[in-house]
Structure formats: C-alpha cells, structure tokens
**Student:** 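Following this message is one structure expressed as structure tokens.
Note: hydrogens, waters and symmetry copies are ignored here, and every other heavy atom, side chains too, is used. It should be emphasised that the depicted structure is a prediction, and the values quoted were computed from it without experimental measurement.
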Amino acid sequence: MITALIMAGGEGTRFWPLSRKDNPKQFLKLNDDQKTMLQETVERIKELVPIEQVFIATNEAYQEAIKKQIDGIPSENIIVEPMKRNTAACIGLSSVVIENKYPGSTMIVLPADHLIKDKNKFIDILSKAVMTASTGKNLVTLGIKPNHPETGYGYIHYGNHLHTIDEDQVFEVQNFTEKPDLDTAKEFLEDGNYLWNSGMFIWQLDSILYNIEKHLPEIYESLLKIKNALGTDSEKKVIENEFEQMESVSIDYGIMEKAENIFVIPGSFGWDDLGSWPALERVKKVDDNGNVVVGKHYGIDTTNSIIHSPNKVVTTIGLDGVVIVDTEDAILICDKKRAQEVKEIRNILANDGLKDCL
C-alpha cells in the first residue's frame, strides 16, 4: 500500500505581501491554473494515492482551510503540528500516525508548494521510487537535473549506479550540500554528478522510523509515547508535550546526511519550488518587454520586471529588473536580484509591531 504525506505548514515568507500567515503560499493560485498549490499537489498524485491514503501535516490555524480546499480528505488525515519543529519532527509524527492507520505502507513525502509541469513523467518516476524503496531499508529521494547554477537550492551528489528501471537510472547518494555560492554551483553544474534537492522522499514506514531511532533517538522516544497515546483521551496532550520537546532539525540534516542506503532518481518533469517572486517568470506568460504582469500595468521603458497588482493600476517609467507587489494594506518594491530578502523585511515589520501586515 502507498500513502502520501504532504507538508503544508509553512508560511511562504518570500511571497509576502501576497502570502500571509493566514493565507500562506500553499493556498495561493500562483500558477495560471485556477487551483491552489496544495490542490495541485493532491491532484497530481491521485492516480497513485487515493484521497483516503493522503495525509496533510500542517498547523492548527490551517486545518479548516485544508478541509475546504481538499474534497474528501478524512479529518483524521489532517495531522496537526502543535508548534514549529522542522521537518524531522513533522515526518516523525506523521509516520506514527500513518503507521497506526496503514501499517506497513510505503510513504511518499511531498512539499505542498511545488510546481510540476509534466505530471505523467512525475508519476512514472515516483512509481519507480516506490519500487526502489520497497526493498531493504532504502531511503529514496528525487533529484532534479540542473540546467543552471542555482544558489537557492540544496544539491545531491550521486555516485554508483544501482540499477535502471525502464530507462530511469537509480544512483547511490554520496552526500548532500546546502545552498552553495555561485562559484560552487557552477562547479556542480560542470561536474555533472550533482542534482537539485527536491525535498521529496519515498520510504517504507519502518525504514524511516528505524533511521529516526538510530540517528535521532530522543525524537524516537517521544514518538513511541505518541504512538501509545493515539486513539486515547490523552492523545492531543501527549502530542503537544512530546512535540514541544523534540529537537528542531531538518530531515536532510538529521537523517539523510547520516543514514545508509540512500538512493536518488534523477528527474526532468518541469519541477520548480517557486521560492520567490522572480520564479513567476518560469510559470507565467512573459510579455515582449520581459515583464510578468498580473493586473493592469502601463509602463514606459519598463523591462524584465514582476508586477502583481490585481486591484490597482500600476504605472512605471524607466525601470528594469524590479518586483512590485500591491495588496490592500502593503506594497513591496525591490530589486529582482534581492527578492530572497523579502523574508528579512517581514522580520523588520514583526519587530516593529506591524503584525497586521503579516
């Protein structure tokens, strides 16, 4: 049996001011499709995983929004994280919840806010990853073949060839590298044995729990207590108490960089994690001046820019490579090259008490 965990608890801070704490990136319609990012994620895996076997990990504030957006998902399949504790704790909690309902299943872990253009190729590779994860204690991830020296993604260095499934090759993972500087990213691209880390994982439930026990034993002890409390009157309280004590560590650092039997399948299926505003150039129509416009824009000598203003007319003169985002209560204007720093602007607003804007 195959189950899926979709992680949907993030705030999508780099898409501020459109993305807010009460309406984060995964609930936005950033693609030209009229579905939200979360809806697209559930939709694209339905051939492989029926809705009753799909689980969504999120925080309490997003529970009702998920119920409204995802038709047919059982209430008990929405897993609430009591507070932020990074992906290892999220995946650990979800693993014991899923194991309780579907013991022995193979688990697919997906972020809720990625774009995938070639859904058929994606499902094909995902199926092969499930096959690879079904033997031994294999932990499998999907790597994206890089086409430029990207500094915003982590990288996977792959080594020996394990086997080939219908022309798709499976490789052993040598190591993971966090977001590199530009010179290092160029070296990785030239080397040819590096892939972008997609943040998608496939494994059997007992395999990931075995590795959590081995590499994150304190988290595992908390998971055992949660497992024993599932279905009892104390379930919610135990989850809150134990989750709060868990180390805040990513699954990449806590498990994937330390475990054995890590494999990667390279994929080219039109993947994009839509990390910040300039990513819209890759998913929306670009006009003759190199601009992406959502709303009404009138410009003179305005080129290579992102202009998002559904409710107001925006006029510009003599601009190149900027981002302009207008919402009811906030406006963002920044150099496109520095769009990753939007997260820092949010911190400044929070420190100044402007929480209404967040």
**Student:** Does I51 share a hydrophobic cluster with L38, counting links as ILVMFWY side-chain heavy atoms below 4.5 Å and allowing steps through other members?
**Tutor:**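 Yes, same cluster.
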
**Student:** Can you find a side-chain donor-acceptor pair between D252 and N197 that sits under 3.5 Å?
**Tutor:**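 Yes, side-chain donor-acceptor contact under 3.5 Å.
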
**Student:** Taking all non-hydrogen atoms of both residues into account, name the closest pair between S105 and I98 and its distance.
**Tutor:**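 Taking every non-hydrogen atom into account, OG-CG2, 4.0 Å.
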
**Student:** Hey, what do you get for CD1 (I208) to OG (S94), rounding to the nearest 0.5 Å?
**Tutor:**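 Nearest 0.5 Å value for the CD1-OG distance: 11.5 Å.
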
**Student:** Angle class for the Y158/F171 ring planes (parallel below 30°, perpendicular above 60°, tilted otherwise)?
**Tutor:**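 Because their plane-to-plane angle lies in the 30° to 60° range, the rings of Y158 and F171 count as tilted.
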
**Student:** Is the cationic atom of K119 (NZ for Lys, CZ for Arg) positioned less than 6.0 Å from the six-membered ring centroid of F269 and within 45 degrees of its normal?
**Tutor:**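 No - K119 does not lie over the ring of F269 by the 6.0 Å and 45° rule.
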
**Student:** Are E81 and K84 within salt-bridge range, i.e. N to O under 4.0 Å?
**Tutor:**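 Between K84 and E81 there is no salt bridge, as every charged N stays at least 4.0 Å from the carboxylate O atoms.
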
**Student:** In terms of side-chain geometry, is the basic nitrogen of E240 or K237 positioned less than 4.0 Å from the acidic oxygen of its partner?
**Tutor:**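 The answer is no: the pair does not qualify as a salt bridge.
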
**Student:** Under a 3.5 Å threshold, yes or no: a donor from one side chain and an acceptor from the other, between D181 and T184?
**Tutor:**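 Side chains of D181 and T184: pair found under 3.5 Å.
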
**Student:** Evaluate the side-chain proximity of P74 to K101: yes if any heavy-atom separation is below 4.5 Å, no if none is.
**Tutor:**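 Yes; the side chains approach each other to less than 4.5 Å.
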
**Student:** May I ask you to decide whether D329 forms a salt bridge with R20, counting only side-chain N to carboxylate O separations under 4.0 Å?
**Tutor:**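 Salt bridge present between D329 and R20.
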
**Student:** Can the ring centroids of W271 and Y153 be said to lie less than 6.0 angstrom from one another?
**Tutor:**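 Yes - the distance between ring centres of W271 and Y153 falls below the 6.0 Å cut-off.
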
**Student:** Using a strict 4.0 Å threshold on nitrogen-to-oxygen distance, state whether E341 and R14 make a salt bridge.
**Tutor:**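 Salt bridge between E341 and R14, a charged N being under 4.0 Å from a carboxylate O: no.
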
**Student:** Is the NZ or CZ atom of K179 positioned over Y155's six-membered ring, under 6.0 angstrom from the centre and within 45° of the axis?
**Tutor:**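 No.
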
**Student:** Is it the case that the side chains of H297 and T316 hold a donor-acceptor pair, with the cut-off being a distance below 3.5 Å and no angle test?
**Tutor:**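 Indeed, the side chains of T316 and H297 share at least one donor-acceptor pair under 3.5 Å.
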
